[in-house]
Each structure stands twice: as structure tokens, then as C-alpha cells.
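First the proteins, then the strands, lettered A, B, ... as listed; each starts at 1.
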Amino acid sequence: MCAALNPAQQKAVNTLKGPLLVLAGAGSGKTRVVTFRIAKLIRAGTAPDRILAVTFTNKAASEMQQRVRQLLGKKLPTRPVVATFHAHCLQILRRHIRRLGYPVKFAIYDRGDQESIARSVLREIRVPNEKMRPAELLGQISRWKSQCLRASDAGAAAETDKQHLAAMGFGRYQQALKNAGAVDFDDLLLCTEELFVRFPDVLDEEASRFDHLLVDEYQDTNASQYRIVKALAQPHRNLCVVGDDDQSIYGWRGAEVEHILRFAKDWPNAVVIRLEHNYRSTEAILEHANRLIAFNTVRHDKVLRAARPGGESPRILQCKDEITEARQVVDDIRRQLRRPGIDGGDIAILFRTNEQPRAFETEMRRVKIPYVLIGGSSFFDRKEVRDILAYLRLLILPRDETALLRIINLPPRGIGSKTVQALMSHAVANGTTVWETMTGATLPSGMTPRAVEALRQFARQMRKFQRKTASSAGRSLTELVKQLIAEIGYEAELARLYDDPNERQSRWDAVQEVVNALGAYEAKNSKPSLSGFMDEMALAGRDMEEDKESQLRTHAVTLMTLHCAKGLEFPQVYMVGMEEGILPHRRSVEADERAIEEERRLCYVGITRAQDRLTFSLARTRRKWGKPRETMASRFLYELTGQAERAPHRRPRRTRQPNASASPGRNRTNPRR
DNA sequence: CCTGGCATCATTTTT
DNA sequence: TGATGCCAGG
């Protein structure tokens with residue numbers, strides 16, 4: 001890693017002016033080039049805070065920041081701005097969102113909040129013959145949003161019945177968000193884009209903050225990100241994008257490979273530099289990766305050359321079922337760990353879907369190999385955490401309806417669904433919010449005195465804490481929140497709900513973790529505020545656990561999805577579940593060739609994570625919904641080993657084994673319905 | 001108003 | 001398999 005830069009890398013670092021596209025193959029030292037470039041810009045006289053570097057994940061952002069700091073030493077008065085798209089857009093919205101008719105203070109709704117809105121929207125637009133789940137509605141809305149389609153245009157874009165239904169839901173969903181004073185993740189980008197289009201002065205102000213713009217993982221930009229980048233870079237044209245079209249794996253989130261493919265057309269005179277030397281993997285591994293990705297048709301033509309000749313050929317483990325698969329893989333890992341110089345931290349198990357790791361976890365626990373599962377259901381998905389956060393949101397923004405409805409009767413305080421219904425319909429009828437209604441002088445008629453008293457009591461309590469929050473400058477937020485938790489009797493509620501002391505404890509621990517996170521936030525920030533904390537929770541979310549993670553990770557085997565693995569590397573990699581229906585995923589198989597190409601890229605990403613040793617595994621039968629079903633080996637296995645013509649998946653779908661005896665493959669059984 | 005039990009239903013990837 | 005939703009009884 002300390003070797004000198006090669007000529008292409010050198011050139012990428014030194015081309016400081018004008019549009020630049022760096023096509024960086026996997027393992028080609030991309031991160032290094034980017035950080036060197038930033039350092040070079042600063043040394044050449046650019047003020048650090050005039051540089052904006054945009055990444056997709058928080059992890060990438062903090063890593064980049066750290067590396068630049070290492071390169072430059074700590075003597076700088078200002079820092080380059082390194083942020084994720086979402087974080088930077090949030091900054092912009094905090095300054096200007098009023099122009100779009102949102103309150104200055106607005107909440108960021110996460111998946112759970114979105115779902116509860118979607119649920120109520122669906123209840124309203126009940127259509128007899130179409131049933132739709134909240135997740136489906138949200139998926140469609142999100143897809144539209146990532147194409148910069150607004151609710152008003154969705155009706156025209158809808159094709160299927162479901163899409164028409166979703167188009168109806170879209171408008172209501174958006175309205176509900178606005179009423180609650182909230183934006184969802186997609187809105188962070190979409191509203192920014194809208195601001196830029198509708199208010200040129202806003203764009204002016206935001207674009208003129210920087211002289212240089214860098215975008216990492218450019219192949220993953222969706223329509224709104226693409227437009228935002230274009231708009232921000234237009235004045236100075238000092239735009240450097242870095243990416244690899246072969247690693248575009250977020251098409252389902254609206255990313256379009258075309259963006260990186262047409263960069264040179266978008267920006268005339270753009271310099272294009274290819275980094276085609278791979279310093280990460282052995283030749284044996286890279287050969288397989290190259291062979292696989294060559295099957296894709298939509299891509300920049302390039303061949304990665306291995307800087308590390310030779311190496312061990314990848315192996316394929318065929319196993320009876322998913323339990324055996326876990327056992328064999330973990331067995332293999334155990335053998336590896338006995339070898340000198342091999343540490344658990346050098347090993348990763350990569351999988352396609354989130355249900356796959358289960359079997360591996362069980363097995364690892366059984367043989368006592370430490371592991372970390374990255375992603376998965378996070379701490380922030382826990383009910384207790386979400387409850388407390390809902391309270392906190394209510395303190396900042398009383399009109400946040402999702403938060404209010406979540407905790408209005410939690411712990412139970414005698415405000416039942418009847419009462420809530422009455423409040424809601426009253427609010428709708430009067431064009432106001434539930435909070436306004438319940439704190440108003442006259443409550444809706446027909447409520448029992450008991451309910452009225454409960455409401456009054458709750459409102460008093462919340463108002464007290466709202467006041468305290470508003471005037472909390474200089475005082476400890478942590479203390480405030482502790483007091484809140486005590487007053488609502490949350491601990492007693494946990495005791496009431498859960499008899500098992502272990503469970504009770506772990507749930508209470510989760511509550512404590514929120515308090516701790518707040519404490520950490522307060523310690524870290526010079527002027528902490530509750531809303532600042534909530535922003536961090538919404539955007540950084542999962543990363544807050546990272547400190548714990550990195551402590552463990554030194555010796556623990558890493559388990560994660562292929563998507564999470566992008567950008568990382570491990571000496572030893574296990575790619576498990578190499579079966580038709582998993583990788584490529586069933587949904588992609590049922591879609592089109594484009595979708596298959598994305599799955600192939602996903603597989604490519606997995607392979608190119610491996611430095612020294614790569615193992616594939618598959619199960620011949622796999623339990624699904626409790627029933628075991630036979631599987632077929634992934635077509636990618638055939639492709640990457642150079643036996644594509646023997647791959648059995650090409651038989652037309654839904655026919656019964658037309659050529660069952662054509663070749664003696666081992667995993668060729670037709671899946672039965 | 002609250003709780004527990006039963007039936008039903010659908011399963012990708014994430015900022 | 002597991003999560004969620006609805007209904008009946010306390």
C-alpha cells in the first residue's frame with residue numbers, strides 16, 4: 001500500500017481542473033487516489049472548506065475524512081466538507097425548506113414511520129379487489145421519487161392496477177408527510193432538487209460555497225442525485241466523479257449505470273482516466289471475476305489486470321442443505337483459524353439476503369467463533385428505542401403525528417382507539433393537527449370524562465417537557481430525557497409487560513442506550529440540541545453502533561450482505577448460497593436481463609472483495625417457508641468457471657424439465673411449485 | 001379499554 | 001418460518 005502511484009493514478013491525482021471521470025476498477029486504489037487528490041488540491045492552494053466530497057455511506061465519509069486528515073496533518077484551520085448525499089442535502093434543506101412550504105423544523109421519517117403513514121393511507125383508499133401492503137406502496141413511491149417523479153405525475157406513469165392504486169396513495173402519503181412537518185429519505189434529495197429548479201438564488205447560494213466537487217461511487221447515483229451534482233458543479237465545472245460501472249448494484253434504488261456511462265457526453269472536455277490494475281486480489285481470483293463480468297453487455301469495456309500473480313483457485317462447496325452449508329463453511333473457517341497468522345477479522349461470509357445468516361450464526365455460536373453481523377436488524381429498529389425517540393420527536397415538533405400516535409397511549413394511560421379516532425376525525429374536519437385538537441379548549445364531544453382527564457393529563461405532561469426542551473440551552477439534555485423516561489413510567493411498563501427478567505433487562509438496556517447515545521452526542525458537540533441529536537440518529541442511525549463493532553471486529557468473523565460489502569476487502573471470503581433464486585435473486589430472474597446483469601455485478605463485487613482465498617458454497621436443498629425445496633446451482637458459477645454453456649437455467653421458465661437428462665449436472669433439479 | 005389467541009399471508013438488496 | 005391483523009372475551 002505504500003508503493004508509489006502508477007501513472008494512471010498519478011494523472012488522476014494531478015488533473016485538478018475541469019470535469020474528470022475516474023473509472024476505477026475494483027481494488028485499483030480508488031480511495032487512495034481520491035484522498036491524495038483532495039490533499040493535492042489543498043496543497044495547491046484551495047481552501048479546504050471550498051472542497052465538497054460526496055459519498056453514499058456514512059462509513060465511507062468518515063473514512064475519507066480520516067484519511068485526508070492523516071495526509072495533511074492536523075494543522076488545518078478548516079476541513080474539506082465530506083458528507084453523504086443525504087447529510088449534505090439535509091444541511092441545504094435546513095437553510096431553505098421554508099421556501100417549499102415546510103416548517104423550518106421538520107422531522108425525518110424513517111422506514112417505520114413511513115410504514116405507519118402508508119398503512120393509514122391504504123386504509124383510506126381501500127379498493128375492493130386490490131390489496132396492497134404498506135411495503136409495496138412505499139416501494140413504488142420510492143421508485144418514483146428516485147426517478148424524480150412527483151405525486152402529480154405518478155398517475156400518468158402508472159401502468160398496472162397496482163401502480164394506479166399506488167399513484168393514488170402517493171399524493172395522500174406526501175400530504176400526510178407535509179402535515180406532520182416531515183420528509184422521508186427520498187425527500188431529502190428530491191426537495192433539494194426541487195429547490196434548485198424553482199429557486200435559482202438557492203442554487204446559486206449553495207453552488208457558490210464550493211470550488212471543487214468530488215463524487216464517490218458515481219455509478220450509484222439516482223436521478224435526483226445526478227441532477228443535484230450537475231447543478232452544483234455547473235458554475236465551476238471542477239467535478240471529479242469516481243466509480244466503476246461494473247459495481248453498480250443499486251439499480252433497485254433508482255441508480256442508473258447510464259449516468260456514469262454518459263459522463264463524457266454530459267461534460268464536454270471531460271478527462272477520462274481508467275484505473276485497471278488490481279492490487280487487491282490474486283490473479284486466480286481476478287480471472288474468475290473478469291470471466292464473469294464479461295457476460296454483461298451494458299458496460300465500459302475494461303479488463304482488470306492483476307498485480308499479484310498466481311494464487312489459489314476459488315473452491316466450490318456443495319452441501320446437502322443450508323444447515324450443512326453453514327456447518328461446512330464454519331468448519332472450514334475453524335481450520336483456517338488454526339493456521340498461524342490467520343485471524344477471524346480476516347474472514348468474511350457474504351450473502352445475498354438477510355435470512356441467510358441465521359444458520360451461520362447458530363453454527364458460529366455453537367463452535368464459539370466470534371462474529372459480527374453487519375446490518376441486520378439494528379438496535380434502532382427495537383421497539384423500546386423507537387418509543388423513546390417518538391417521545392423526543394414530540395418534544396421538538398408536536399405536529400409530528402406519527403410520533404404522537406405511537407406514544408399517545410404508551411404506556412397505557414386510558415386513551416384508547418375510540419378516543420384517538422375521535423381526535424383524528426375532528427382534526428381532519430377542522431384542518432388542524434391531532435396535537436392542536438387534544439390541547440385545544442374544547443375537545444370533540446362524546447368523550448368519557450375518564451378519557452378527557454387522561455388526555456388533559458398527558459397534554460400537561462408533554463407541554464411541560466416541551467417547555468423544558470425549548471429552554472434547555474446550557475442544561476443537560478440527558479438529564480431531561482432521563483426525567484422524562486422516569487415520569488412516563490417506562491421502566492414499570494417494561495416490568496409489567498415482560499415477566500422474564502432477562503428480557504426485561506435487555507429491553508431496559510436498549511432504553512439506556514438511547515440515553516447513552518444522547519450523552520455521547522452532547523459530549524461531542526459544542527452546541528447540542530435535541531433536534532441535532534435526532535438528525536444524527538436519523539442519518540447516522542446504524543453507524544452509531546460502529547464503535548462497538550470496530551472493537552469486536554479485530555478478531556471476529558464478519559457476516560454481511562453483498563451490498564454492505566462494497567468497498568471492503570478481506571483476505572478470505574466465503575460467498576454462500578450460490579443458487580438460482582438467491583444469486584441471482586428470484587425477483588431478478590422473473591424480471592429482465594437488466595436485472596440479471598445487476599445480480600451479476602453483485603456477484604462480481606463479492607468476488608473482488610477477496611484478497612487471497614475465495615470459497616463459494618451452495619445447498620442442494622433449502623428450506624423455504626418451512627418446506628425443503630430443491631435448488632439449482634447459480635448460473636454465475638457456471639459462467640465464472642468457464643462452463644456457461646452447461647448452465648441449466650436457460651430452459652424456458654415454467655416448463656417441466658425439457659432436457660432433464662441432457663447432462664449429468666449435480667444441482668439440476670427443476671424447482672417444483 | 002386491553003389482552004391473547006387464531007388465521008392469514010408473504011418473503012431482496014439500504015441511505 | 002415469522003410477522004402481522006383481526007376478533008372475541010375479560
Whether A:R119 contacts C:dG5 is assessed here as follows: a side-chain N or O lying under 4.0 Å from the phosphate OP1 or OP2. Is that the case?
yes

Is the A:H86 to A:F56 ring centre distance short of 6.0 Å?
no

Can you check the A:E115 CD to C:dA3 C1' distance for me, whole Å?
11 Å

Closest to side chain of A:H563, choosing from B:dA10, B:dT13, B:dT15
B:dT13

How would you label the contact of A:S588 with the nucleic acid (heavy atoms, under 4.0 Å): base, sugar-phosphate, or nothing?
nothing

Is the cationic atom of A:R601 (NZ for Lys, CZ for Arg) positioned less than 6.0 Å from the six-membered ring centroid of A:Y604 and within 45 degrees of its normal?
no

Judged by each residue's nearest nucleotide on DNA chain B, which is more toward the 5′ side, A:E599 or A:P412?
A:P412

Trace of the side chain to side chain contact (heavy atoms under 4.5 Å, CB included) decision for A:V257 with A:E597
CA-CA 11 Å; A:V257 210; A:E597 295 210 348; over 6 Å; no

Hey, is the side chain of A:W252 pairing donor to acceptor with the base of B:dT12 inside 3.5 Å?
no

Take atom C1' in B:dT13 and the same atom in C:dT4, then report the distance between them in whole Å.
23 Å

A:K624 near the nucleic acid: base, sugar-phosphate alone, or nothing, with a heavy-atom cut-off under 4.0 Å?
nothing

In whole Å, what is the span from the CG atom of A:L539 to the C1' atom of B:dT14?
13 Å

With the side chain defined as heavy atoms from C-beta on, A:T353 is closest, among B:dT13, B:dC1, B:dT15, to B:dT13

Working note: A:T402 + A:Y109, criterion side chain to side chain donor-acceptor pair (under 3.5 Å); need CA distance, chi angles, decisive distance, verdict.
CA-CA 9 Å; A:T402 311; A:Y109 271 18; 3.0 Å; yes

In whole angstrom, what separates A:R352's CZ from B:dT12's C1'?
5 Å

Heavy atoms under 4.0 Å, any strand shown: does A:N409 hit a base, just sugar-phosphate, or nothing?
sugar-phosphate

Select base, sugar-phosphate, or nothing to describe what A:R133 touches, counting heavy atoms under 4.0 Å on all strands.
sugar-phosphate

Report the C-alpha distance between A:T621 and A:E630 in whole Å, list the side-chain angles of each, state the deciding distance to 0.1 Å, and finish with yes or no for side chain to side chain donor-acceptor pair (under 3.5 Å).
CA-CA 4 Å; A:T621 68; A:E630 307 219 34; over 6 Å; no

Using the closest heavy atom to pick a nucleotide of DNA chain B for each, name whichever of A:E493 or A:H86 lands nearer the 5' end.
A:E493

Think A:N354 has a side-chain N or O under 4.0 angstrom from the OP1 or OP2 of B:dT13?
yes

Once you round it to whole Å, what is the distance between C1' of B:dC1 and CD of A:Q421?
14 Å

Between P on B:dT13 and CG on A:N222, what's the gap in Å once rounded to a whole number?
19 Å

Would you mind classifying the nucleic acid contact of A:R601 as base, sugar-phosphate or nothing, using non-hydrogen atoms under 4.0 angstrom?
nothing

Please report, rounded to the nearest Å, how far the P atom of B:dT15 is from the CG atom of A:D216.
15 Å

Per the side-chain hydrogen bond (donor to acceptor under 3.5 Å, both in side chains) rule, which among A:D186, A:D187, A:N222 passes with A:K145?
A:D187

So, is A:T561 close to the B:dT12 phosphate, meaning a side-chain N or O under 4.0 Å from OP1 or OP2?
no

Distance check needed: B:dT12 C1' versus A:H585 NE2, whole Å only.
4 Å

Rounded to whole angstroms, how far apart are CG on A:L189 and C1' on B:dT15?
8 Å

